Each structure stands twice: as structure tokens, then as C-alpha cells.
2 protein chains.
Amino acid sequence: MPTCSIAATLEAVGDRWTLLILRDLFRGVRRFEALHRDLGIARNLLTDRLHRLVELGIVQRVPYQERPVRHEYRLTPKGADLSPALVALMRWGDRWYAEDGPPTLLVHDQCGTPLEQAVACPSCHTDVTPHHIRSRPGPGRLTEGATR
Amino acid sequence: MPTCSIAATLEAVGDRWTLLILRDLFRGVRRFEALHRDLGIARNLLTDRLHRLVELGIVQRVPYQERPVRHEYRLTPKGADLSPALVALMRWGDRWYAEDGPPTLLVHDQCGTPLEQAVACPSCHTDVTPHHIRSRPGPGRLTEGATR
DNA sequence: GCAGTCCGTTTCGTTTCGAAACGGACCCGG
DNA sequence: CCGGGTCCGTTTCGAAACGAAACGGACTGC
């Protein structure tokens, strides 16, 4: 258990494929064969990553048919909670690599408006730019080591 | 250039070390030796990752002394713009791996209040849960392929 | 019986990684 | 001037991870 939550997160989902698998799960691609086709990931790696995600409680393996029993992979609440992180990664890609505009827009299901993501100060009622973010040791800090 | 901004982002910074290096740069750890010590990364990999980040325009190599010329590594605006992504990754780690509370708090520099991060709908003036996020093809979509 | 689908596992050559040694440019104290 | 000490890399080499492809097993449908 690293002393830094970023490190903890990356230890769980921080390899070349895992976040892409999770992206697909968010998109509704849930089956082994579909993930394999869509991502181009080697089958043995896909097996491995899915098992790992299940062990970590990020993904759930649920049967979608009997005879033969076949399973699909679904996000648990813990997995669904990665949504903001994927949104943030996507927005950065949008800003720096999408010359023709974002390939995908995230919109509010009730009104269709494109969504925004921001860091905000609940007491000042304002958005906070990276420049105005400071970090402080929190309650979970043992001793040494800084973080972010 | 992948058709998905998440894939584009991960192609740039999505390996085991790069995001940790960037985290350290945010924290003000800027020198080769310091990064090496703090991260425990192999020296050859650190060299490689830093060069790569410079090539990508995420990091800048600036001299901090002559005789001998020594450089430190600083975030460019493109690099600093990864802040929301690191914040999101950190918050997930906080929520799921920090039993004793977050090891690090992000606070507003002006008032010291711990910050929040949310996805919001600008027209409804509300926060939006992952459940209410839909994705749509955006202007940068060529043909095929979905995303998130 | 034979093809087709779906989900894995095994195999094996290639790439990447990690630890440690090496080297070069300097400063400093003796 | 010589032997550390610092800082930043590069080289080397065995271990680990990856990727492509073949294989196998449990079905369905013709």
C-alpha cells in the first residue's frame, strides 16, 4: 500500500491495457471476444487483466448464458467510480491531440449538453486552476514521503 | 493518432512510470537524481521517459547551472494541463485504498479548503453522476470506432 | 459429421525492464 | 595534485512481460 494515492491507483490500473479495457467496459463492450477484437490485445493478456480486475473488485464476472456457461465482465461500483479519471484522461487527449475536435463528446443524458469537469473550492464557490492547488499532508499520512 | 482521446492520452503518458514522474514534477521534484531516488526507477528508464516527455512537449529541459551544465525538468503548459487527470487518479486511490484517510489533501491556496472535483452540466447547473453521462460522436470522429 | 462461435490456455520468439557497473564533468579538502 | 563526493547519464546483461499464433473444449445449427 503506497503512501501516495496516485501510486496506489496506478498499481491497480496503471498498465498499458487496463484503462483501455475499463474504457470499453464503460462503453458497454463486456465480452471476452468483443474486447479482444476491439482492443487488439493478446488473448492471454486479456485473460490476465480481467482476472486481475476481478480480484481487485473493479470488475465482476457474471454469467450471461448457460450451456455453455459464458460470462461477461461488468464494472462494480469501485470500477464505475473510475469514471472521473477516464473523463479527465479523455479531456486531456481532446485538448492536445484532437485537431479536428474531440472524437467523442460526453453529454448530459437529460439535456444533451456537453459536460465539463472542474476542480472546485466548496467554500469559495469557484473553480480552481492547477496553479491555485496546494497539497497538504492528510490524515492517512504515516510519516515520511510526500505525494500529490 | 488513435480515434479515441483516452487511447491518445495513454499512448503519451500511459506506462508504468510516466505518470509517477509527472506527479513528482508537480510536487517540485525536478532533477534526475532526485527523481531516481524518490521513485526507485532504473536510471536508464528515467533517462528514456524524460527524453520522451520532452519530445512530446510535456516537459521542458532547462539548465539550472553552468560548469558543468546541469538541467532540470519542468512541466510545460501541456504537462501542467494533466493536473485534473492526476487529481482524478488520486481521488480514486483516496476513496478505495486510503483506510486511514487520504495521505494527501489538495486545498485551495487562498482559503485552505479541501478541493473537490466533479463533472458538471453547464446548462442544468448540476453535478452529473457517471450514470447520467452519455457519449456521442464528436466533430473529430472520422468514421468507425467508438470511444469514451 | 462438420463448420462456426466463444472463451480461454499453451507455446515460443521478441521486447522491455531492472539492477548494477561504468564513465565523464565538475568541486572540494588535504 | 590526488582521492573523495555529487550529479547525470550510458552500457550491459539476465529476468520478466508481451504478442502472435496454435491449440482445445463446450456448445449450436445445418
Side-chain angles (χ1 to χ4, degrees), chain A residues 2 4 6-7 9-25 27-56 58-75 79, chain B residues 2 4 6-7 9-25 27-56 58-75 79:
Chain A
C4 161
I6 293 181
T9 299
L10 294 178
E11 208 163 279
V13 299
D15 75 276
R16 248 201 299 303
W17 288 112
T18 300
L19 285 170
L20 289 174
I21 293 172
L22 292 168
R23 176 206 63 180
D24 268 19
L25 296 180
R27 283 169 46 195
V29 180
R30 291 195 239 275
R31 299 187 182 175
F32 188 91
E33 208 60 30
L35 290 164
H36 169 58
R37 263 196 310 271
D38 187 65
L39 295 173
I41 183 178
R43 306 176 75 83
N44 52 348
L45 294 190
L46 180 53
T47 301
D48 186 82
R49 296 301 181 272
L50 288 172
H51 286 1
R52 191 173 148 63
L53 287 170
V54 169
E55 270 172 29
L56 291 172
I58 293 170
V59 159
Q60 205 177 353
R61 192 158 171 269
V62 318
Y64 66 90
Q65 68 169 35
E66 312 294 329
R67 350 194 32 78
V69 195
R70 295 265 165 78
H71 301 83
E72 61 180 20
Y73 298 89
R74 295 207 193 146
L75 294 168
Chain B
C4 160
I6 294 181
T9 299
L10 293 177
E11 209 163 280
V13 300
D15 75 277
R16 248 202 299 303
W17 288 111
T18 301
L19 284 170
L20 287 174
I21 293 171
L22 292 168
R23 176 205 62 179
D24 268 19
L25 295 180
R27 284 168 47 196
V29 180
R30 292 194 238 276
R31 299 188 183 175
F32 188 92
E33 208 61 28
L35 290 165
H36 169 59
R37 264 196 310 271
D38 187 67
L39 295 173
I41 183 179
R43 306 176 76 82
N44 50 349
L45 295 190
L46 181 53
T47 302
D48 186 82
R49 296 300 181 273
L50 288 172
H51 285 3
R52 190 172 149 64
L53 286 170
V54 169
E55 270 171 31
L56 291 171
I58 293 170
V59 158
Q60 204 177 354
R61 193 158 171 269
V62 318
Y64 67 89
Q65 70 169 35
E66 312 294 327
R67 349 194 29 81
V69 195
R70 297 264 164 78
H71 300 83
E72 61 181 21
Y73 298 89
R74 296 208 193 145
L75 294 168

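Below, chain A is the first sequence line, B the second, and so on; all start at residue 1. Not measured: the values here are computed from a predicted model.
Ion pair B/D38/B/R23 flagged as a salt bridge, since at least one NZ, NE, NH1 or NH2 atom sits closer than 4.0 Å to an Asp/Glu carboxylate oxygen.
For the pair B/L45 CG and D/dG9 P, the interatomic distance rounds to 14 Å; values are reported in whole Å. Whole-Å rounding puts the A/E33 CD to C/dG8 C1' distance at 9 Å. Atom CD1 of A/I41 and atom C1' of D/dC18 are 10 Å apart (whole Å). One atom, CZ of A/R16, and another, P of D/dC18, lie 7 Å apart when rounded to the nearest Å. At whole-Å resolution of the value, CG in B/D15 and P in D/dA16 are 20 Å apart. With rounding to whole Å, B/I21 atom CD1 is found 14 Å from D/dC8 atom P. In this structure, B/Q65 places its CD atom 10 Å from C1' of C/dC27, rounding to the nearest Å. In this structure, A/R37 places its CZ atom 12 Å from C1' of C/dC7, rounding to the nearest Å.
A/F32 is listed as a side-chain neighbour of A/R43, based on a closest heavy-atom distance under 4.5 Å.
Of the candidate nucleotides C/dC26, D/dA26, C/dC6, C/dC26 has the atom lying nearest to any side-chain atom of B/R67. Nearest to the side-chain atoms of A/R43 among the listed nucleotides C/dG8, D/dT10, D/dC27 stands C/dG8.
Closest of all the heavy-atom pairs between A/A12 and A/L56 is O-CD1, 3.8 Å. Minimum heavy-atom separation, B/L35 to B/I21: CD2-O, 4.4 Å. In terms of heavy atoms, A/R52 sits closest to A/E11 at NH2-O, 2.6 Å. Closest heavy-atom contact between B/P63 and B/V69: CB-CG1, 4.2 Å.
Residue A/H36 is out of contact with every strand shown, counting any heavy-atom pair closer than 4.0 Å. Within 4.0 Å of A/R70, counting heavy atoms only, lies at least one base atom of the nucleic acid.
Taking 4.0 angstrom as the limit, A/R61 places a side-chain polar atom (N or O) nearer than this to OP1 or OP2 of C/dG8. Contact between the side-chain N/O atoms of A/Y73 and the OP1/OP2 oxygens of C/dC7 is not found at any separation under 4.0 Å. A close approach under 4.0 Å does occur between a side-chain nitrogen or oxygen of A/R49 and OP1 or OP2 of D/dC18.
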Nucleotide N/O to protein N/O under 3.5 Å, stretch nucleotides 12-14 of chain D:
residue, atom, partner, partner atom, Å
D/dT12, O4, B/N44, ND2, 3.4

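There is no side-chain donor-acceptor pair under 3.5 Å between B/R30 and B/Y73.
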